[in-house]
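Here is how names work: the chains are called A, B, and so on, in the same order as the sequence lines, proteins then strands, and each is numbered from 1. Just so it is clear, the model here is predicted, and its values are computed rather than measured.
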Protein chains: 2
Amino acid sequence: MKIDPKSPADLSAQIAAAIRDAIVEGRLIVDQRLPSEAELAEQFNVSRPTVREALKRLAAQSLIRTQRGATGGAFVNRLSFPDAYDQQITTSTLLLSMNAVSFETACEARYALERACAPLSAMRRSADHLATMRAEIHRQGQPGLTDEAFCASDVAFHRALVDGAGNPVLSYQLAGAVEAMQPLMNMITFTARDRARIIALHENIANAAEACDGDGVTQGLTALEAETQSLAQAVFKARAAR
Amino acid sequence: MKIDPKSPADLSAQIAAAIRDAIVEGRLIVDQRLPSEAELAEQFNVSRPTVREALKRLAAQSLIRTQRGATGGAFVNRLSFPDAYDQQITTSTLLLSMNAVSFETACEARYALERACAPLSAMRRSADHLATMRAEIHRQGQPGLTDEAFCASDVAFHRALVDGAGNPVLSYQLAGAVEAMQPLMNMITFTARDRARIIALHENIANAAEACDGDGVTQGLTALEAETQSLAQAVFKARAAR
DNA sequence: GCGAATTTAATGTCAGACAATTAAAGTTCT
DNA sequence: AGAACTTTAATTGTCTGACATTAAATTCGC
């Protein structure tokens, strides 16, 4: 692993890139210990703070973990699904909020992705997933629920649907899309009548899932998307007129 | 913004989290300048190297950018789609390689997601997208192409299909799934006959896209998935027997 | 043998310095 | 007055050396 001390880029960025490449290409494997900071500093011909900055960059991406003490050091970290979820959610959330992505675009993407796992979920969902969906529907019907709590329950409902597909890669990809929508969804206020309609659509979806009817779930999602879009349009229109 | 100096977590991690929260919650907005390292050090009551480690963590996630010079400093960075793509691709790639995700699972997820944007792409794809798809199909038919080049062209083909949906959020989500599959795909060797079959399926998809036939694209993708899965199974079986 | 104290090797943090970079202010020449 | 050049100031990038903290390994006492 070599770096170019004359490059305009920061040394710590170069070092981080070099180590990252080694991990991605498999030259450093999971749980393998990296040389100590002092050794790395010598290898790359830089000072220890510079090495440390590089290691912090990698730690921020969950590529390494560090441990103190005699046998401590930096170890290549096994990137877990939960870690990846978290990263994806913050990235997606910021991406949407910083790039003025319209509600329409985000919503379209979210439901398109969700429909992608509808057939699989209808086929494979466990009783547990179904129970979660039913429970969230029930929660959504309770009076006195804040808009935020309603949205959170909505996310949990869809999360159960997605997880029902039994494909962790799908769940991981969808987590970002669904969760990142939440700030946008929270901008909407739901009247009691709005909620009733959404709950009815949720019930259709749960029923289709119970019947292992993939097409039914897909259609239910399409109907829910249409409802959500028109609801959002109405809200934004009213807000613009004010 | 406050941190707890008695917490077991690293100070630099706490500081990074505090600043990250401020960005996510909108208390720091895009292009806003953060206080200088020296000022941050004073605010948080830590030394400058500690602050720097925190800032490097944020820089690694593209949340801030730094500039040297008199009016320099750290600025809240607008997370661009290309930046997000890159992060997603490395994360997805590592996730698959480090968690022993089976080819089958990854492949299923990839095609499910891709089918999600098939109808949209059939409806909206520009002549440009179609031309790219045709060009990649042509490249795939050329003799002497290495397996890696064939796979790269495959990715480009699917990329054009996905981008055809005209939804940047979808493109972003799919980039990870498609690109992360490449290392897995590269494990497969394609005979001339295999390639011919895949090219024929690609042509079906391109034709359906040209005819704005969403169902046709969907079916084409399903057929391609089946072909890919059986091909992979054969390869892995042969390899296991060896 | 076994438990407690010690050693040791690592990361975490600090302080202070200098180098490099860049924009703005100031200065000089025309 | 204005343009080109120089200086200055602010800021990040890097280095050196030190000390604190942690946790495993080792040694010592019994």
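Taking atom CD1 of B:I15 as the reference point, atom C1' of C:dT13 lies 11 Å away to the nearest angstrom. Nucleotide D:dC15 holds its C1' atom 15 Å from the CZ atom of A:R52, rounded to whole Å. Put simply, CD on B:E53 is 13 Å from P on D:dT14, counting in whole angstrom units. The distance between atom CG of A:L40 and atom C1' of D:dC15, rounded to the nearest whole Å, is 17 Å. Summarising the geometry, the separation between CG on B:L55 and C1' on D:dT14 is reported as 15 Å, rounded to the nearest angstrom. One interatomic measurement links the two molecules: CG of B:D10 to C1' of D:dT21, which rounds to 12 Å at whole-angstrom precision. Residue A:F75 contributes atom CZ, which lies 12 Å from atom C1' of D:dA23 at whole-angstrom precision. One interatomic measurement links the two molecules: CD of A:E39 to C1' of C:dT11, which rounds to 13 Å at whole-angstrom precision.
The phosphate of D:dG13 has neither OP1 nor OP2 within less than 4.0 Å of any side-chain N or O from A:T50. Taking 4.0 angstrom as the limit, B:T66 places none of its side-chain polar atoms (N or O) nearer than this to OP1 or OP2 of D:dT11. Applying the 4.0 Å criterion to OP1 and OP2 of C:dG12, one finds that B:S12 has every side-chain N and O outside that range.
Between B:E104 and B:R110 there is no salt bridge, since none of the side-chain N atoms of the basic residue sits less than 4.0 Å from a carboxylate O of the acidic one. Salt-bridge formation is not detected for the pair A:R57/A:E53: no Lys NZ or Arg NE/NH1/NH2 atom is positioned less than 4.0 Å from an Asp or Glu carboxylate oxygen.
Pairs of residues two or more places apart, or lying in two chains, that qualify as side-chain hydrogen bond (donor to acceptor under 3.5 Å, both in side chains) and include a residue from residues 63-75 of chain A are A:D31-A:R65, A:R65-A:N77.
In this model, no donor atom of one side chain and acceptor atom of the other lie less than 3.5 Å apart for B:T90 and A:R20. Between B:S126 and B:H129, the side chains place a donor N or O and an acceptor N or O closer than 3.5 Å (distance only, hydrogens not considered). Checked by atom type, the side-chain pair B:D163/B:S171 shows a donor-acceptor distance below 3.5 Å.
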Report summary line: A correct 5'-to-3' footprint of nucleotides 15-26 of chain C, with B, S and - meaning base, sugar-phosphate only and no protein heavy atom under 4.0 Å, is --B--BBBB---
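Heavy atoms of A:R33 sit under 4.0 angstrom from primed sugar atoms or phosphate atoms, though from no base atom.
Cation-pi geometry between A:R159 and A:Y85 is satisfied (NZ or CZ under 6.0 Å from the ring centre, within 45° of the ring normal).
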